[in-house]
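Excluded from the calculations below are hydrogen atoms, water molecules and symmetry mates; all remaining heavy atoms, backbone and side chain alike, are included. This one's a predicted model, so the numbers in the text were calculated from it and none came from an experiment.
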Amino acid sequence: MIIVTTDFVPGFEVKELKGFVRGSTVQSKNIGRDILAGLKNVVGGEIKDYTKMMDEARQQAIGRMIQHAEEKGADAIITVRLETSSVTSAASEIIAYGTAVTLEKKD
C-alpha cells in the first residue's frame with residue numbers, strides 16, 4: 001500500500017478513485033504515566049511514555065485506514081492526514097484519513 005500526503009504519486013497516475021478511507025483509535029492515560037508526567041512538568045523534558053503511546057496510537061490508526069482501503073480494493077492512499085483531538089480530559093482520539101485509489105504506472 002502506497003501512502004502519501006500529496007494528491008499524486010510520482011511515476012503513477014490515478015486509475016480509479018475508491019473513496020474516502022479512515023482509521024481511528026482512542027487512547028487513554030494511565031496512572032503510572034500521569035505520575036511520571038507530573039514529575040516532568042516540574043523539571044521539564046520529554047514525557048517518553050506519552051510519546052511512545054501516541055506513536056503506537058498513530059500506527060494503529062494508520063493500520064486501520066490501510067485495512068479500510070484494502071477492503072475497497074485500493075493499492076494506494078493519497079492526501080493522507082492525521083489528526084488528534086481530546087475525547088475527555090484523560091483520552092485522545094487519533095484519526096488517519098485520506099482518499100483510496102488504484103494507481104497505474106506511467107510509461
Side-chain angles (χ1 to χ4, degrees):
M1 182 70 62
I2 296 172
I3 301 171
V4 296
T5 58
T6 58
D7 58 355
F8 64 92
V9 178
F12 292 87
E13 58 185 57
V14 173
K15 181 178 175 184
E16 184 180 1
L17 287 173
K18 297 292 187 172
F20 177 78
V21 290
R22 60 32 198 153
S24 68
T25 187
V26 175
Q27 290 291 316
S28 65
K29 301 177 188 178
N30 74 34
I31 191 69
R33 287 185 182 133
D34 285 349
I35 291 169
L36 290 173
L39 293 172
K40 285 289 187 177
N41 283 337
V42 172
V43 297
E46 179 182 6
I47 305 167
K48 292 182 181 182
D49 283 341
Y50 281 151
T51 300
K52 182 179 176 190
M53 178 186 73
M54 294 304 288
D55 185 52
E56 289 170 354
R58 281 188 290 275
Q59 292 304 316
Q60 189 172 52
I62 290 167
R64 290 176 178 170
M65 177 186 64
I66 291 169
Q67 182 180 4
H68 192 198
E70 288 171 342
E71 290 169 1
K72 291 184 172 227
D75 59 12
I77 309 169
I78 58 174
T79 62
V80 171
R81 302 291 183 263
L82 289 167
E83 291 189 23
T84 304
S85 63
S86 293
V87 176
T88 69
S89 62
S92 294
E93 178 188 34
I94 293 83
I95 184 165
Y97 60 94
T99 303
V101 298
T102 56
L103 298 175
E104 191 171 80
K105 188 89 169 149
K106 289 182 183 177
D107 291 330

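Annotation for Ala69 and Ala100: closest pair CB-CB, 4.1 Å, computed over non-hydrogen atoms. When all heavy atoms of Glu83 and Tyr97 are compared, the pair lying nearest together is OE2-OH, 2.7 Å. When all heavy atoms of Thr102 and Ala74 are compared, the pair lying nearest together is CG2-CA, 4.1 Å.
Using a 4.5 Å cut-off between side-chain heavy atoms of Ile, Leu, Val, Met, Phe, Trp and Tyr, with links allowed through other members, Met1 and Met65 fall into the same hydrophobic cluster. Note: the hydrophobic cluster containing Val101 also contains Val9 (ILVMFWY, side chain heavy atoms under 4.5 Å, direct or indirect links). Both Leu103 and Val4 belong to a common hydrophobic cluster when Ile, Leu, Val, Met, Phe, Trp and Tyr are linked at side-chain heavy-atom distances under 4.5 angstrom. Hydrophobic cluster membership is shared by Ile94 and Met53, with clusters built from Ile, Leu, Val, Met, Phe, Trp and Tyr side chains linked at under 4.5 angstrom. Residues Val80 and Ile95 are members of separate hydrophobic clusters, defined by side-chain heavy-atom contacts under 4.5 angstrom among Ile, Leu, Val, Met, Phe, Trp and Tyr.
Atom-to-atom distance recorded for Thr84:OG1 and Met54:CE is 4.5 Å, nearest 0.5 angstrom. Between the CG atom in Asp75 and the CD atom in Glu104 there is a gap of 10.0 Å [rounded to 0.5 Å]. From Ile62, atom CD1 reaches atom CD of Gln60 across 11.0 Å, with rounding to the nearest 0.5 Å. For the atom pair Ile78 CD1 and Leu17 CG, the distance stands at 6.5 Å (nearest 0.5 Å). Interatomic distance, CD of Glu56 versus OG1 of Thr51, reported as 11.0 Å (0.5 Å rounding).
Remark: Thr99 pairs with Thr79 by the side chain to side chain donor-acceptor pair (under 3.5 Å) rule, at least two apart or across chains.
Proximity of a side-chain donor or acceptor of Arg64 to a complementary backbone N or O of Arg22 within less than 3.5 Å is not detected.
Pairs engaging residues 6-17 under the salt bridge (Lys or Arg N to Asp or Glu O under 4.0 Å) rule: Glu16-Lys18 [sequence neighbours left out].
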